[in-house]
Structure formats: structure tokens, C-alpha cells
Amino acid sequence: MTLASPAAPSAVRRRATTRAIAVGVADTRREPDGASELVTQALMGARATVLETAPNGWARVRLADYEGWIESGHLAAPPRASERVAVIAVPRAPLYARASGPETLGEVYATTVLPLTVAGRRPGMGRVRVALPGGRAGWLASGDFTERPASAPFPPRGVTAALTLARRLLGTPYLWGGVTALGIDCSGLSQLACREGGAIIPRDADQQYAALPFVVDRASVRAGDLVYFASGGAITHVGIALDNMTLLHARGAGQGVIITSLDPAEGARSASLAG
């Protein structure tokens, strides 16, 4: 994927303002149009600097690692900051409307970061209250998140944590630009897994490769290494090594997140290898 989208001819310039993603996951598109190319997605609570707006209800935003157009209704004032945050630790989790009962406000997804509220952290509660964008609040089941300092939501946790999340996403459909268990692409998968392990890397495969501090030869590949593929001199794909001969990655053509062999003699073996 590539990206900075051109401004729509009808866009209105405005002073940049900081908002936050107010839905579980927000599509970010190349143009201010729901039919335009999906270039990435942003998780609830992520900061978005609004650069301009269009009369048709879209806003061009700068995310931490991308620019694109998001529906204005998917943005709201950032939630109130807190010293402790809830980091979603499962591929997808219900965001409950209340401390008890089945009503939900939708879902949130792995690595989403939401501030914990003091009032919602009483011992013995099955759910914990979190602050949401736009001054709202929601509740998370205690088993769906990890509590961490707001100053370090993704501490170094290593290869095991990264591979555990990646394996839990096996079978996820492929979605160009996707970053969740609803649909994900190759570089979204590697970014998500690395974030869970405590390493923050760029969004796209070519950006990730350019940012690597070092590379290893083929024979030295080990579990947790990122394996990049090129075509015509350009990086076009990335996967996560499970060992020297096995790759977990997201592929198109209806395959989704699968495990395949790195041995050319074996061809592409898929997913029952998951353990």
C-alpha cells in the first residue's frame, strides 16, 4: 500500500484539530468516498489530526502512521487521559454498555488502548469501566484486556507474545488495508503482532523493511523474524517466521491468515500446521 491521498476538490481547509477514533475500527480511504480504496484502518481511541473536511461528511486525517479520509461521524473528542489503560489482549472483544447485562456498544480489537476510569476499577467486578471518545464510557470483561501504564501501553514482551497473537488470528479473512480480526492484510498482521510484542513498526511492508535495523541471511531465520518478499525490486509482501521453514502470513485470493512452508520444494502448505 502507498499513501497520502490528494485533497478532494471540494475540501474545506481548516486549522488542524486533534480528534480520536470513536468506533471499534474506522476505515481510512484514499478519497472522501466510501467506495474509494481502503488504505488502512484505525482502532478506537487512536488519535487523528483533522487536516481538512469535505462537505459530504468526510475528514482528511493524519494518523500515527498514515493519512487518509475517514467519515467525520467516526471521530470525536479524545477520551480523558488516565494513568492506567486497558489494552485489548484478544482478537476481538465486546464493549459493553453497562457493568452488567448483554447490551453492547459494538466490538473492540486487539491492541486497542482505552483509558481506565477510577470509578470502574473496584475489586471483584467482572467488568471494568473505560473512557471512550466523545465523553462516553463503556465496560470491558476483565479477561479481555491487560492493564498497563498509559506511559507504556506496549512494553517489551518478546517473540512469544507476538506469535501468540499472530496464531490467534489464523483464519482471519484477507482485507487490503485491514488491521483487525474482521479482516487483515500482510503488513497489518506483522504490525499488530510486533506491537503486541512491544515493537512499534511502520504500517506498510516496504516501510517496515526500510526501517529494519539489520537483516539476516536465509539460513539464520528464526521464530519471530519478519520475512519480506520482493517483486521487480520492490517489497510487496511480509510474513512472520514460526521457525526456519514455516511462515505465518495474510494472503489474498481468499486465503486469509494461513501458515505455509518456506521450502520451495513443498509449495504452499496451509493452515492445519497451526499448533
Is atom CZ of R136 surrounded by more than 12 heavy atoms (other residues, nucleotides or ligands) closer than 6.0 Å?
yes

Show the nearest heavy-atom pair for residues S36 and R29, with the distance to one decimal.
O-NH1, 2.6 Å

Does the side chain of V221 come within less than 4.5 Å of N244's, by heavy atoms?
yes

Side-chain heavy atoms of R84 within contact of P149, under 4.5 Å
yes

Rounded to the nearest 0.5 Å, how far apart are CG of L248 and CG of L169?
8.5 Å

To the nearest 0.5 Å, how far apart are CZ in F154 and OG1 in T146?
10.0 Å

Side-chain contact, heavy-atom cut-off 4.5 Å: V227 with I240?
no

Heavy-atom nearest pair, C186 first then A250, reads CB-O, 3.5 Å

Is there a donor-acceptor pair closer than 3.5 Å between any side-chain N or O of Q191 and the backbone N or O of G188?
no

Taking L116's backbone N and O only, do any of them form a donor-acceptor pair with S82's side chain (distance below 3.5 Å, no angle check)?
yes

Check for a donor-acceptor pair, side chain of D144 on one end and backbone N or O of P94 on the other, with a separation under 3.5 Å.
no

For P202 and Q208, work out which heavy atoms get closest and say how close.
O-NE2, 3.0 Å

Hey, is the main chain of S187 close enough, under 3.5 Å, to the side chain of S190 for a donor-acceptor pair?
yes

Pairwise distance OG1(T180) to CG(L175) - rounded to 0.5 angstrom
7.5 Å

Main-chain N/O of S261 paired to T246 side chain as donor or acceptor, under 3.5 Å:
no

Evaluate the side-chain hydrogen bond (donor to acceptor under 3.5 Å, both in side chains) criterion for residues W58 and E31: first the C-alpha distance (whole Å), next the side-chain angles of each, then the deciding distance (0.1 Å), finally the verdict.
CA-CA 9 Å; W58 289 76; E31 304 286 352; over 6 Å; no

Do L43 and L38 share a hydrophobic cluster (ILVMFWY, side-chain heavy atoms under 4.5 Å, transitive)?
no

Side-chain donor/acceptor of S72 to backbone N/O of G57, under 3.5 Å:
yes

side-chain contact (heavy atoms from CB on, under 4.5 Å) assessment of Y66 paired with V39
CA-CA 9 Å; Y66 243 72; V39 297; 3.9 Å; yes

State, yes or no, whether a side-chain contact exists between T17 and T49 at a heavy-atom distance under 4.5 Å.
no

In short, V61 meets A48 closest at the heavy-atom pair CB-CB, 4.0 Å

Sequence-distant partners of R98, side-chain contact (heavy atoms from CB on, under 4.5 Å), two or more places apart:
E103

Partner residues of H74 under the ring-ring contact (aromatic ring centres under 6.0 Å, His included) criterion, sequence neighbours left out:
none

Y109 atom OH, neighbour heavy-atom count above 12 within 6.0 Å
yes

Can a side-chain donor-acceptor contact be found between Y228 and D206 if the only test is distance below 3.5 angstrom?
no

Would you say the side chains of T40 and R203 form a donor-acceptor pair under 3.5 Å?
yes

Minimum heavy-atom distance P153-V87, with the two atoms named
O-CG2, 3.7 Å

Keeping D225 on the side-chain end and A241 on the backbone end, is there a donor-acceptor pair under 3.5 Å?
no

Per the salt bridge (Lys or Arg N to Asp or Glu O under 4.0 Å) rule, what does the pair list look like for residues 191-200, sequence neighbours excluded?
R157-E196

N/O donor-acceptor pair under 3.5 Å between E107 side chain and R92 backbone:
no

Spacing of CD1 belonging to I70 relative to CG belonging to D27, to within rounding of 0.5 Å:
8.5 Å

I'd like to know if the side chain of R251 reaches the main chain of G256, judged simply by a donor and an acceptor atom lying under 3.5 Å from each other, with no hydrogens or angles considered.
no

For residues A181 and P173, report the shortest heavy-atom separation together with the two atoms involved.
O-CD, 4.1 Å

Do side-chain atoms of R60 reach the backbone of W69 as a donor and acceptor pair under 3.5 angstrom?
no

Residue pair I201 / L212, side-chain heavy-atom distance below 4.5 Å:
no

